[in-house]
Undergrad: 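Below is a structure I'd like to ask you about.
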Amino acid sequence: IDDANLLSSDDKEDLNKLANKYSKKHDTSIVVITTDDTYELSTTDYASNYYDTYIHGEDGYNDNCVLFLIDMDHRSTNIFAYEDAAIRMDTKRSDKILDVVAPKLKNGEYEDAIQTFIKKNNTYLGTKPNIDPDNIFFQIWFQLLLAIIIGAASVGIMVHNSGGRVTTNSTTYLDHGNSKLTGCYDHYIRTTTTRTKKPENDNNSGGGSSGGTTGGGSSFSSGNERSF
């Protein structure tokens, strides 16, 4: 919904196709709204009113919805996830997307910002809660590299072992009948003590969850609003 006229007709068509594709895939409406007039409402209230009026219970939309609001009136943006979509699109994940798209909006790269939002939604909606798909261990290139390393190590071990086993040890040349222990001495050299400082609790760290309930009674989560 490009009420602020930020996109060309071709951009709108391409972005609509992309959003519809992932909306069907995850049974979740992916909605983008640009506006240059929020009627003196906060971004949260504007988005919630829009959801209650035009999305919830309406044909063509799923009540599970992720909404990206670009407010040109106040130069601010935020992401809202309604109903079951809030389980996977929690505050932490919304903030990660906002960290990427807010600079794009500031630079006037509106189509790129929206496309990034849609693609990131596809990633997060397809990943179970409490799992970070951005973690290096979940990256395909890293998994392939790890598989190659493990395979090479396994082949190396097999080649090393194929050279024959060494059977000589410390007792091979020992004459048990004529050998004996003549003395045993302990010499104290030094004591080494390592101290590790106990980390202090940081009660001022950021984070937390944002969200609430719309006027129509639908629960939602949101990111932390960004200015651009």
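Quick note: residue numbers are just sequence positions, from 1. As the structure is a prediction and not an experimental result, all values here were calculated from the model.
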Undergrad: Are Lys92 and Asp132 ion-paired here, with the side-chain N under 4.0 Å from a carboxylate O?
TA: no
Undergrad: Run the side chain to side chain contact (heavy atoms under 4.5 Å, CB included) test against Asp11 and tell me which residues pass, sequence neighbours left out.
TA: Leu7, Ser8, Glu111
Undergrad: Give a yes or no on whether the backbone of Asp3 and the side-chain of Thr34 come within a donor-acceptor separation of less than 3.5 Å.
TA: yes
Undergrad: Using a 3.5 Å distance criterion without hydrogens, assess whether the side chain of Asp63 forms a donor-acceptor pair with backbone atoms of Gly57.
TA: yes
Undergrad: Angle class for the Phe80/Tyr82 ring planes (parallel below 30°, perpendicular above 60°, tilted otherwise)?
TA: parallel
Undergrad: Is Asn16 reaching over with its side chain to a backbone N or O of Lys12, donor-acceptor style, under 3.5 angstrom?
TA: yes
Undergrad: Can you name the nearest heavy-atom pair linking Phe220 to Thr213, along with the distance?
TA: CE2-N, 3.4 Å
Undergrad: Could you state the interatomic distance from SG (Cys65) to CG (Asp84), rounded to the nearest 0.5 Å?
TA: 12.0 Å
Undergrad: Can you check whether Tyr61's main-chain N or O pairs, donor with acceptor, with Ser29's side chain at less than 3.5 Å?
TA: no
Undergrad: Donor-acceptor pair, Asp27 side chain versus Ser23 backbone, under 3.5 Å?
TA: no
Undergrad: Are any side-chain N or O atoms of Asp36 and backbone N or O atoms of Met72, one a donor and one an acceptor, separated by less than 3.5 Å?
TA: no
Undergrad: Sequence neighbours excluded, which residues qualify as side-chain hydrogen bond (donor to acceptor under 3.5 Å, both in side chains) partners of Thr44?
TA: none
Undergrad: Determine whether Val100 and Val66 fall in the same hydrophobic cluster, where Ile, Leu, Val, Met, Phe, Trp and Tyr are linked whenever their side-chain heavy atoms lie under 4.5 Å apart.
TA: no
Undergrad: Rounded to the nearest 0.5 Å, what's the gap from CG on Asp90 to OG on Ser222? Could you check?
TA: 11.0 Å
Undergrad: Hey, mind stepping through Asp95 and Arg226 against salt bridge (Lys or Arg N to Asp or Glu O under 4.0 Å) and telling me if it holds?
TA: CA-CA 9 Å; Asp95 279 342; Arg226 302 289 200 279; 3.4 Å; yes
Undergrad: Could you pull out all residues at least two apart from Arg88 that satisfy salt bridge (charged side-chain N to carboxylate O under 4.0 Å, His left out)?
TA: none
Undergrad: Using only atom types and a distance under 3.5 Å, with no angle test, would you say the side chain of Thr214 pairs donor to acceptor with the backbone of Ser218?
TA: yes
